[in-house]
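Quick notes on the structure that follows.
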Number of protein chains: 2
Amino acid sequence: MDKLACLKAFAKVVETGSFSEAGRQLRLSRSAVSKYVAELEESLGVQLLNRTTRHASPNENGQLYFERALVILSELDAADQAVAHLQSTPRGLLRVNAPMSFGTIRLGPAIADFMTKYPEMQLQLVLSDDLVDPVQDGFDVTLRIAELESSSLIARKITPMPRVVCASPDYLKRHGTPHHPQDLRDHVSLTYGFLLTGNQWKLTGADGEHWIQPAWSLCVNNAEVLRDVAVKGRGVALIPEFIAGEALQQGRLKAILNDFWAPPLTLYAVYPPTRHLSVKVRLFIDFLVERFGREVDKRGN
Amino acid sequence: MDKLACLKAFAKVVETGSFSEAGRQLRLSRSAVSKYVAELEESLGVQLLNRTTRHASPNENGQLYFERALVILSELDAADQAVAHLQSTPRGLLRVNAPMSFGTIRLGPAIADFMTKYPEMQLQLVLSDDLVDPVQDGFDVTLRIAELESSSLIARKITPMPRVVCASPDYLKRHGTPHHPQDLRDHVSLTYGFLLTGNQWKLTGADGEHWIQPAWSLCVNNAEVLRDVAVKGRGVALIPEFIAGEALQQGRLKAILNDFWAPPLTLYAVYPPTRHLSVKVRLFIDFLVERFGREVDKRGN
DNA sequence: CCGATTGTCGCCAATTTGTAGACAGAGATG
DNA sequence: CATCTCTGTCTACAAATTGGCGACAATCGG
């Protein structure tokens, strides 16, 4: 028997003085209410209600039990509400891991707004380019920029990260401007190299996809370094727009091959697989989606 | 879902740190425990436990809810015990209706012992020979002496009440002593008349049943009156032994037709039809059975 | 490194639930 | 006072839930 359902039925019968009315308020049939109360009496071995064919009233036992039942039912509601409240009030420590470049260029400035919005939270931000397992390494959420991540960890897309092919004006003056992806074979590339596509660049235009493996003179796991070397005229770089942005605006770099585009990378949030996402993590991720882009949840969460 | 079962399962998991051990202690399978806790988390919309493949521990939500759950579960046990205790401690008012004769001759003297045994109870005894409906007339229990009572009220046999045929020595000297039930036709009977058998006397001996309708000169609804008139030599009476007893012992009445016996009457307790008999009533009836005779429950209660 | 134990999940037989409707009784109404 | 309406209980039964079995992958101890 569902003792709680019996308690609720019993309490409602006492409140209303009627099995029928109790049934109406609890959205149960009269016979269900009758059975619940009978079951309760049976399990206690005690008569709780005096019944006539028209109404019911608690006897001494029933009055005592009714008062106790009300306390118990209200405490149970209070307990439910207490955990709901605890869950919905964001506070405590949020530990975030993010890539270096994204952390310094985009996330860092945005964090102040998040902390203004949720003043009770503490945020610990660790910037690193290592592949990090949040469960293993004690983070609540890890941000990643990747092409496509297959992982057993739960991940949520935050935003696409467009990329741009660019070089310094001085480099272009000395080596000519490539007009087609195939022209890149004659140029020096500065490449990231740690994507799933390795050192190949995929560029798509009106005439289809082009897979180019330019001769690379520098392979590094930090796009800011690629940007800075490109600015110094050492080659052509394919790097995220958020990294190249300022140099492009200042004319220190020039975007080339503008009729072609590289598939964007994607910013993901990765977090431990629990049935119910911590509200801290959820609020943080919602903030990132709102701040950095549209929302596509990778796992239908 | 049975929320109470879920609460118990959850609490046991937190206590033991293990779904498996919780299952063993609750005599449930591991999968049942797992499902209960998952259901609770689902209904709250909150993660309560952190799980690894080897053990489980409450998170902050879970710790809060666990503490609340313990309180609720113990209060529920306390409520159950409170009504059980209330039920088992006999006190308060017990209202009894009994027939006049039985009340004055047998019950009255016994009552003192009952009240000694249960000093916290008050007993209200109303002696009347009216047919009384305990629900209608506000009694907890009504005693009846009858041949066979068919009633919608619940009744419990307390004891058989044997009857005796008797007359005064003086009457017998004047009218002769009947040796066979058929001889009663030539005698004057003093009859009760309010039994189902009316004024007919049924006497059974070695030669079978005899239905006699003696000529009655007195028909009254009180056997003591019948006894007193018989003592004065006015006729032959068929009355309960407990009423005739003292006069027989003193020689003021003489038992006759001793090779024949009238079917005994039966002392019943009648009480309102409730699912669980009040402990006051049960104790009183148990006392009567113990004091007055063997126990045969008429309704299999 | 292997065996034992863990928690979760899907499947399914067993059990319980909760309603419909019949029934008898009480109270309201004409 | 008779009739109607609503009551609480009970039975039958379709629908829903329960709870265990066994498979699976992960972890821990020897």
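Convention: sequence-line order gives letters A, B, ...; per-chain numbering from 1.
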| Ion pair present between Glu41(A) and Arg51(A), side-chain N to carboxylate O less than 4.0 angstrom? | yes

| Closest to side chain of Arg51(A), choosing from dT9(D), dG7(C), dG19(D) | dT9(D)

| task | Go through dT18(D), dG8(D), dG7(C) for me and flag the one nearest to the Ser18(A) side chain. | result | dG8(D)

| So does Lys35(B) reach the base of dG20(D) with its side chain, donor to acceptor, closer than 3.5 Å? | yes

| said: Among dT7(D), dC10(D), dT8(C), which nucleotide has an atom closest to any side-chain atom of Ser31(B)? | reply: dT8(C)

| message | Judged by each residue's nearest nucleotide on DNA chain C, which is more toward the 5′ side, Asp2(A) or Arg30(A)? | response | Asp2(A)

| field | Interatomic distance where NZ belongs to Lys3(A) and C1' belongs to dT17(C) [whole Å] | value | 19 Å

| remark: Against the side chain of Ser29(A), the closest entry in dG18(C), dT18(D), dG7(C) is dG18(C)

| request: Could you check how far CG of Leu49(B) sits from P of dT8(C), rounded to whole Å? | output: 8 Å

| said: Tell me whether the rings of Phe10(A) and Tyr65(A) are parallel (<30°), tilted (30 to 60°) or perpendicular (>60°). | reply: tilted

| request: Examine distances only and state if a side-chain atom of Thr16(A) and a backbone atom of Glu21(A) form a donor-acceptor pair shorter than 3.5 Å. | output: no

| remark: When Leu49(A), Asn50(A), Leu48(A) are each screened for side-chain contact (heavy atoms from CB on, under 4.5 Å) with Pro58(A), the one that passes is Leu49(A)

| task | With DNA chain C as reference, determine whether Gly17(B) or Tyr36(A) sits nearer its 5' end, using the nearest nucleotide of each. | result | Gly17(B)

